[in-house]
Amino acid sequence: MTKITFGKAINSAIDQAMALDKSVICYGLGATDPKGIFGTTLGLEKKYGKKRVFDMPTSENAMTGVGIGASMVGIKPVMTHQRLDFFLLALDQLVNGAAKMHYMFGGTVNIPITIRLILGRGWGQGPTHSQNLQAWFAHIPGLKVVMPSSPEDAKGLLISSIFDPNPVVFLEHRWLHNTVGEVPDNDFRIEIGTSKKLVDGNDITIVSMSYLTIEAQIAEKYLRKNGVSVDLIDLRSIKPIDMKAISESLKKTGKILVLDTGFTTCSVSSDIISRVLINNFEFLTHPPAQIAMPDVPEPTSFGLTKSFYKRAADIAKKVLDMMGIDSLDPFNDLPPPAPHDVPGDWFKGPF
Amino acid sequence: MTKITFGKAINSAIDQAMALDKSVICYGLGATDPKGIFGTTLGLEKKYGKKRVFDMPTSENAMTGVGIGASMVGIKPVMTHQRLDFFLLALDQLVNGAAKMHYMFGGTVNIPITIRLILGRGWGQGPTHSQNLQAWFAHIPGLKVVMPSSPEDAKGLLISSIFDPNPVVFLEHRWLHNTVGEVPDNDFRIEIGTSKKLVDGNDITIVSMSYLTIEAQIAEKYLRKNGVSVDLIDLRSIKPIDMKAISESLKKTGKILVLDTGFTTCSVSSDIISRVLINNFEFLTHPPAQIAMPDVPEPTSFGLTKSFYKRAADIAKKVLDMMGIDSLDPFNDLPPPAPHDVPGDWFKGPF
Amino acid sequence: MDIKDKTKLDLALDKEILFNIYYVMRRIRAVEEKIVEEYPKKQIRCPTHLSIGQEGVPAALAQVVTKHDYAISTHRGHAHYLAKGGDLDKMIAELYGKECGCSKGKGGSMHLIDVEQGFMGTSAIVGNSIPLGVGLALSLELKGLKNISCIFLGDGAIEEGSFYESLNFAVLRKLPTLFICENNLYSVYSPLDVRQPIDRQIHTIAEAVGAKTACCDGNNVIDSYETLNTICQEIRSGSGPWFVEFETYRWREHCGYNYDNDIGYRTEEEYETWKRRDPIKTFVDYLKNNYSIEVVNKLEQIDQNIFKEVEEAFEKAKKASYPDPSHAYTSIYCQ
Amino acid sequence: MDIKDKTKLDLALDKEILFNIYYVMRRIRAVEEKIVEEYPKKQIRCPTHLSIGQEGVPAALAQVVTKHDYAISTHRGHAHYLAKGGDLDKMIAELYGKECGCSKGKGGSMHLIDVEQGFMGTSAIVGNSIPLGVGLALSLELKGLKNISCIFLGDGAIEEGSFYESLNFAVLRKLPTLFICENNLYSVYSPLDVRQPIDRQIHTIAEAVGAKTACCDGNNVIDSYETLNTICQEIRSGSGPWFVEFETYRWREHCGYNYDNDIGYRTEEEYETWKRRDPIKTFVDYLKNNYSIEVVNKLEQIDQNIFKEVEEAFEKAKKASYPDPSHAYTSIYCQ
Ligand SMILES: Cc1ncc(C[n+]2csc(CCOP(=O)(O)OP(=O)(O)O)c2C)c(N)n1
Ligand SMILES: Cc1ncc(C[n+]2csc(CCOP(=O)(O)OP(=O)(O)O)c2C)c(N)n1
Ligand SMILES: [Mg+2]
Ligand SMILES: [Mg+2]
């Protein structure tokens, strides 16, 4: 175990996968440049050579197809896009190709590609550098979708993704890259599709994902101090999704709040709520609740983003409302950090 | 009023829009070929000339952008793709571009483009000629999404879409093209975002869209005969969605079944259920229900598709289950047509 | 580069090749004509794109690649699958949607694959398989193998950005790729002139992107063979990507089994002109004029074998059983 | 085609143009340098791509288009916006995220627009605005107007399939498009040789696709002006698409205000070599050598005006108010 950043955990996962298996390759715009995709690919070219680690033309569509084609014959590509938004150019390859090939070729081939997509936020990323489209990927049969929130999970899930025989969309939140945590030094794997119970509680279930787990943890501490016992589940995987853990928690608490970094309509959180209600209607003692991004393109201006993102205080407020507690003022007790548009001092813009 | 097919209604809508407004143009692969996109664009080139009606290179991405660029300065393009699946190549232009431009340029421009996408089904269309991705479009702020189920609605909604100042994704189900109905001859408009109550009833709310409305109507008749009173709502628009009509119906019935032509996870139907439950939990007397496509790529074989699509019998069965009635056998009473993979005799494959 | 100057095949020495070219062409034609016969019976229930008229190029390629080379193709993939050694029985069963089909009935005519023969699939999305072929070539480089990756594409597919992006990367990395463009003048019912500038040739774009290029009459199968033979050798010795444009013509409708010259997107004369260039007839005439009667007699024998083989494949496919309906819900993920 | 053979500008006759070229270049530089000064104060809080070193081409174009012509650009769009007549105050306010910004603070540095001046926007997605420019040209054709549509793009953007597809359609329809490729050798920190074959020139691809093409030193603004002047006339008289590749160089980091020659993706020498070719300095030297002292003195006067204008724009932007937070939720749809 060593204390490292989320970004370094990603780097370590790719490094160990490449050391373990010669068929793992790593590429993407900037994969071999001096910044190495926010540090996540630094050092790999030197260690594994130009053939296995390479930069690419700004050709997202074909380059995704190149990875898929190589996957058909046993290569295990880790492809990275610095923003999910750029990957919209490559959806034909992913959705009409990778996601369906195992099925539509009757099981004769499989596509062990891992596509890392970085989710932007803050410093005026604006409408086309900030989209969290996990719901799109989850909608497509044949894809797996992973959204870790801690360095340890990032490493364990990335190694599992790389060695998974299916296409995995690995969604990495930019605001997590500099978070720090204990991470095993060796190769280790976390099963895709398993959630993690971060806090055991009895009053309400909170289901969270990716960066919102950080905010949920702040809210949970505050709520605990104030006598509300939260059962906090970090999804880690979006597809397959650990509905069993959610149902079990709901059986205990009767109340559920689902957090989502994506737009509200047709979202992962809507889907969780709908599933819970179809299958576990009898557990519910209170209408379910959802905190997701509004159905609005993200604005750029510092003046417009201040209350745009939901934070710990919003989560705490919603829980208190659901608990019928109105004696607390979480917006006062959990003030937003200033400036609100960076995750910390390390983030100096512009990315 | 004249009795015409759904396909002819589409043709008539474009025709009248082009006659009304010189800035309306119409293009797409095959728009001027002898088949005229299942007849929907026949005659237009002759009437409005080569400049306003044209075929195009197999370049879905750029050609979508061309339409968007022209839209910025007042042209109103109607672009058609013979399958939604082909349009996956153009999502960057739609989602990073058209959907956001009005917002991200501070309201200085708007994009009055209409994109017709045809939803394939039957005769072995298989995994990549059959996708119903309305949930994807509904997930994106800035887009409108329309899914008519009758010739009249097709015409009224298409004219509204063409003259809407925003990008509209108009989803046209291939199995509806030859259905027949009374359609006003003149220019008329149906407001996007309004649903249509097809049958007034008290026992259960069924919410439906596109081709499934045909199946729902068969199921409703059967249920009515057997004493179950269905409140049947045809959505017509997916975004904006007429939640008011759904809530009002639910208030009356306490039970809801949502039908969906798309995959289950992160679907429009999941979203409706989740919204209803967040906002109208108290109306529900029974767990909500959903009939959507399974999370499976569509297989090609005749032997595999037989029970793959949900039909009137499945809808009736679900309703009867929800009503606690087990004395009827809808699968026996509402047998599937044979062969199961064509909408009627007119459909001779291969499209 | 003018390919024909570089090599001159001594045909007298290569009768085996002649017979094999004939076998592959004739077999493709026989399979497709059998589909024409059977399709109206509505047991083949999937969109089907025939290669009648376009048998020459695949037959030529068949002579110069092995199962260790890769090929990938499009919606119009029957000929390519067969030429690359794909299993005939499994292809026909796939068209009928049967469990023993090459894709277990899940893919149909537009999704043929035979991994053992290096035929790595076809796609129903125009342009979609082009980058896959480049990825296959990349895998060869990574594994240090000397084989090549053949990418079939149409004149419509070259309009997709994926073609351009794929070719650029193949050239950048000098990958062992052979782009085989079958220019049959149409994309569905759209002639070239509504899609591409009339005074431009497709291969000149490929050349500008950086591929080595050639242009060849796809109806002349001997020319096609010589061209591809030389080029494949070059690619195997490290030349990097080649793009070869073949003139060819689809005889029947875009999708389906009928003739459709009557609907008005092309003329009967045009069709007749191309039909006179039939790659099979031209080849047989050539043999008749240049070879002994034994050679010509051998062809008849080949025909007999083909017809038997094809009949049997259809018999078996028709008799075979559909996959169990529950299989619709399996193999979504690889375990 | 060699442009310079075709026309020879009599510069003596066109002092107004000379002064205007200088004004546009110098003003862009002044704005960008002011951003360099201000950005570290963290009040401009959005990804910002500067055009310092690349002022020549936009300044040349500014002389040959009017507000009835269209232009569309990329993430690196400040210079293009200003050259096309975009409102300076509104641009600076946009960088500061203010309500009076050209996009009301919703777009930031990467989303500049000035519809009145025919500057139809920029995009943060590489290649995304190219087809929009072709669509603008299509609108001109539909409306029967004789104006042109200018499409700025980088050497990275030409790797996107959207470039190829867009150019093909523009050529097919002979649309009045001018593709202006500013080849600054890099895409972020990636040199050309990891993205494109080294022995290939970008404009040769455009030529093969069917555009008329030219290549020009973007640091030589007089050459650039002459080239663009001739070409724009040709496009206006119906030549169809032109693609012009300009050699240029970005002095500072890809995104942000620093120098970054130290991080290792390019050498200090390379930077110095290009800096010596500074389009502004080269132009001033030329004027000094060829024109009277009055002309040179006039430049100083222009400088003064620019500095004042720029200072004021920043002052105003800083003082301006942010949009009301509720505006984040408005204008998603046009009513
Ligand atoms: C992305 C996409 N766009 C459109 C289609 C519809 N389509 C199917 S085959 C075809 C023709 C392609 O022409 P070409 O590449 O010349 O192949 P050919 O059919 O002539 O062999 C088209 C446009 C598709 N399948 N995929
Ligand atoms: C589709 C897409 N891919 C990648 C990026 C990241 N990106 C931003 S600017 C840029 C460089 C593009 O290079 P070029 O076109 O040469 O423009 P330059 O920055 O040199 O002016 C890249 C790759 C993006 N914004 N969009
Ligand atoms: Mg063709
Ligand atoms: Mg550049």
Side-chain angles (χ1 to χ4, degrees), chain A residues 27-37 45 50 54-63 65 82-83 85-90 92 120 122-130 263 293-309 339-342 347-351, chain D residues 39-40 42-49 94-99 101 103-111 123-128 154-162 187-191 194-196 253-257 260 262-265 321-330 332:
Chain A
Y27 69 103
L29 280 181
T32 60
D33 78 21
K35 301 264 172 117
I37 311 184
E45 183 190 18
K50 281 180 187 314
F54 51 91
D55 205 329
M56 65 173 219
T58 324
S59 307
E60 285 79 3
N61 184 29
M63 291 310 299
Q82 308 214 5
R83 284 291 175 277
D85 315 68
F86 309 159
F87 191 66
L88 295 191
L89 287 160
D92 170 59
W123 199 271
Q125 296 297 300
T128 63
H129 274 55
S130 62
F263 301 124
M293 291 300 286
D295 287 320
V296 171
E298 176 164 333
T300 301
S301 167
F302 184 77
L304 290 174
T305 46
K306 189 144 186 175
S307 56
F308 196 74
Y309 277 102
H340 68 269
D341 66 342
V342 289
F347 192 93
K348 301 223 185 294
F351 281 101
Chain D
Y39 203 90
K42 302 192 175 177
Q43 290 179 287
I44 300 174
R45 297 176 83 85
C46 58
T48 300
H49 304 76
E94 189 60 32
L95 267 58
Y96 279 88
K98 299 302 174 73
E99 175 70 17
S103 300
K104 302 219 167 77
K106 284 175 173 167
S109 160
M110 297 196 288
H111 297 104
S123 172
I125 302 291
V126 172
N128 175 287
D155 52 291
I158 73 102
E159 295 152 12
E160 293 287 359
S162 67
S187 165
V188 193
Y189 312 115
S190 305
V194 301
R195 304 178 283 120
Q196 299 177 32
E253 62 187 342
H254 164 69
C255 181
Y257 62 95
D260 67 353
D262 55 312
I263 69 170
Y265 73 103
S321 50
Y322 282 126
D324 187 274
S326 70
H327 292 187
Y329 308 93
T330 61
I332 298 150

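Note on naming: letters A, B, ... go to the chains in the order of the sequence lines (proteins, then strands), and numbering restarts at 1 for each one. Computed over heavy atoms, backbone and side chain alike; hydrogens, waters and symmetry mates excluded.
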Under 4.5 Å from any heavy atom of chain A - which part of [X]:
X: D:Glu160; value: both
X: D:Tyr322; value: side chain
X: D:Ser187; value: side chain
X: D:Leu95; value: neither
X: D:Asp324; value: backbone

For A:Glu45 and A:Lys50, indicate whether the former's side chain and the latter's backbone hold a donor-acceptor pair under 3.5 Å.
no
Look only at the side chain of D:Glu99 and the backbone of D:Gly105, and say whether a donor-acceptor pair between them is shorter than 3.5 Å.
no
Flag the one option from D:Gln196, D:Glu159, D:His111, D:Lys98 with the top tally of heavy-atom pairs under 4.5 Å to chain A.
D:Glu159
Look at D:Arg45, D:Lys104, D:Lys106 and state which one has the largest set of heavy-atom pairs under 4.5 Å with chain A.
D:Arg45
Can you find a heavy atom in the side chain of D:Thr48 that is under 4.5 Å from one in the side chain of D:Cys255?
no
Options A:Ser59, A:Gly30, A:Pro299, ranked by heavy-atom pairs under 4.5 Å with chain D, top entry:
A:Ser59
Is the distance between the ring centroids of A:Phe308 and A:His340 under 6.0 Å?
no
With a 6.0 Å cut-off on the ring centroids, do A:Phe302 and D:Tyr96 count as close?
no
Just checking, any donor-acceptor pair under 3.5 angstrom between side chains of D:Ser109 and D:His49?
no
Under 3.5 Å, is there a donor-acceptor pair linking the side chains of D:Tyr189 and A:Asp55?
no
What part of A:Leu29 gets closer than 4.5 Å to chain D, counting heavy atoms only: side chain, backbone, both or neither?
neither
